[in-house]
Protein chains: 2
Amino acid sequence: MAQKTKEKKEPPKGSREACARQILDVVPRAMRLLRREMRKEAGQGLSVPQLRVLAFLSGSPGASLSAVSDFAGVADATASAMVDRLVRRELVTRETDPEERRRVCLGLTAEGAALLGRARARARTRVAQNLAVLSGSELASLDDGLNLLRRVLEAAAEAQDRP
Amino acid sequence: MAQKTKEKKEPPKGSREACARQILDVVPRAMRLLRREMRKEAGQGLSVPQLRVLAFLSGSPGASLSAVSDFAGVADATASAMVDRLVRRELVTRETDPEERRRVCLGLTAEGAALLGRARARARTRVAQNLAVLSGSELASLDDGLNLLRRVLEAAAEAQDRP
DNA sequence: GCCATTAGTTAGCTCCACTAACTATAAGTA
DNA sequence: TACTTATAGTTAGTGGAGCTAACTAATGGC
């Protein structure tokens, strides 16, 4: 019954372990591709995390730093440094909230918004070009898979809050 | 009526652009999860790229540095530094090939192989736990999607060689 | 008024990744 | 043979991402 033939230590096909193995293999590769596409003129000097932060701020103007760190899934200090780099490039505004003076109000500058628009569109286009090797139905399958992966990530994020 | 009401500039559903958008969103999140699972006792102090290099050397003993950089998809200098860190931790052996004295022969030490085995198994298990939220058929769909993504990555890698 | 909590920042570390410049070996060629 | 070119790695220098720990400053509760 689904007994594996003890070839090394391969997990049974279709199992969670096999899928985990796939994730461990494919996700880092995909991430590398994204980074490289970003660096190659697509991202106008923005890193992937930076693009993500800009996109977040675009959708949540006035957000606090902890909102950013929460969204990005990194420590406060990391988010602070990331935001600081963006502020120095004048892509993001950072001012203390008049009420709640420990809070900080983040937002995009005009330049930041413009750059986000360009970088986002280009990155998407570049990735889309790479997707040309798939047929329409394959594209749909990939989309389904990504949605499932998203669900897994959301569940994992929740699980991390209350372990 | 899954017709969207023209919210901003959403690309048509199921298009390559929509899928690219998904990838841009989901892959970085997934990568973050992997990194964190690795750091949290799963990876015994190994980073994701380090684990990947060890796994590669496990399957290709005697590989050269350029083989590593090729596999990892990074510049030679990056691979050299990565390998150097592993050598300093005594997880990897590095000796010059007697024939072809500019070449280098890489391999795992016993400790490296043991650590790889542990870290790999644990990382897989941790990720597999997160997959528990999916049903069997969903798991299969995710697996399919990952295989498609893998194909895209391979095509992209080839395209990068001759642009 | 004091104390605990909360929001961010700073400092110090490691790793990843890049480019450019360099060394050393090998292979080709005049 | 000597000169040149190509190949394999390393070194140096830069910058971003991520972490923890320790700190400042503001708020809120008691």
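Residue numbering restarts at 1 for every chain, and letters A, B, ... go by the order of the sequence lines. Every heavy atom of this structure was used, including side-chain atoms; hydrogens, water molecules and symmetry mates were not.
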Any [X] side-chain nitrogen or oxygen under 4.0 Å from OP1 or OP2 of [N]:
X	N	value
B:Arg32	D:dA17	no
B:Arg35	D:dG18	yes
A:Arg88	D:dG15	no

Heavy-atom nearest nucleotide on DNA chain D for A:Arg102 versus A:Gln50: which residue maps closer to 5'?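 So the residue in question is A:Gln50.
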
Judged by each residue's nearest nucleotide on DNA chain D, which is more toward the 5′ side, A:Val48 or B:Arg94?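 The residue whose closest nucleotide sits nearer the 5' end is B:Arg94.
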
For a quick check of understanding: with a heavy-atom distance under 4.0 Å over all strands, which category does [X] fall into, base, sugar-phosphate or nothing?
X	result
B:Ser66	sugar-phosphate
B:Ser64	sugar-phosphate
B:Ser47	sugar-phosphate

Whole-Å gap separating [atom2] ([N]) and [atom1] ([X]):
X	N	atom1	atom2	value
A:Arg89	D:dG16	CZ	C1'	9 Å
A:Phe71	D:dG18	CZ	P	12 Å
B:Leu46	C:dC16	CG	P	10 Å
A:Met38	D:dG16	CE	P	13 Å
A:Arg36	C:dA17	CZ	C1'	10 Å
B:Leu106	D:dG9	CG	C1'	11 Å
B:Arg103	D:dT10	CZ	P	13 Å
A:Leu51	D:dA17	CG	P	11 Å

State the CD-OG1 distance between A:Glu37 and A:Thr125, to the nearest 0.5 angstrom.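 Those atoms lie 10.5 Å apart.
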
Could you check whether A:Asp25 pairs with A:Arg21 (Lys NZ or Arg NE/NH1/NH2 to Asp/Glu carboxylate O, under 4.0 Å)?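 No, this pair does not count.
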
Lys/Arg N to Asp/Glu carboxylate O, B:Glu100 vs B:Arg102, below 4.0 Å: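 Salt bridge present between B:Glu100 and B:Arg102.
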
Polar side-chain contact B:Arg101-C:dT25 base: donor and acceptor under 3.5 Å: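 Side chain to base: no pair present.
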
Within the side chain of A:Ser58, is there an N or O that forms a donor-acceptor pair under 3.5 Å with the backbone of A:Leu54?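 Absent.
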
Nearest atoms (heavy-atom pairs only) where [X] meets [Y]:
X	Y	value
A:Phe71	B:Arg32	O-NH1, 3.8 Å
B:Glu138	A:Leu148	O-CD1, 3.3 Å
A:Leu33	B:Ala156	CD1-CB, 3.9 Å
A:Pro49	A:Met82	CB-SD, 3.9 Å

Nearest to the side chain of B:Ala77 - D:dG28, C:dT19, D:dG18?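 The answer is C:dT19, which lies nearest to the side chain.
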
Shortest side-chain distance from A:Arg39, nucleotide among D:dG16, C:dA26, C:dA17: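 Of the candidates, C:dA17 comes closest.
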
Just to be sure I understand the geometry, which residues of residues 79-87 of chain B put a non-hydrogen atom under 4.0 Å away from DNA chain C?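 B:Met82, B:Arg85, in order of number.
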
More 5' along DNA chain C: B:Glu100 or B:Val74, using each one's nearest nucleotide?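 The residue mapped nearer the 5' terminus is B:Val74.
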
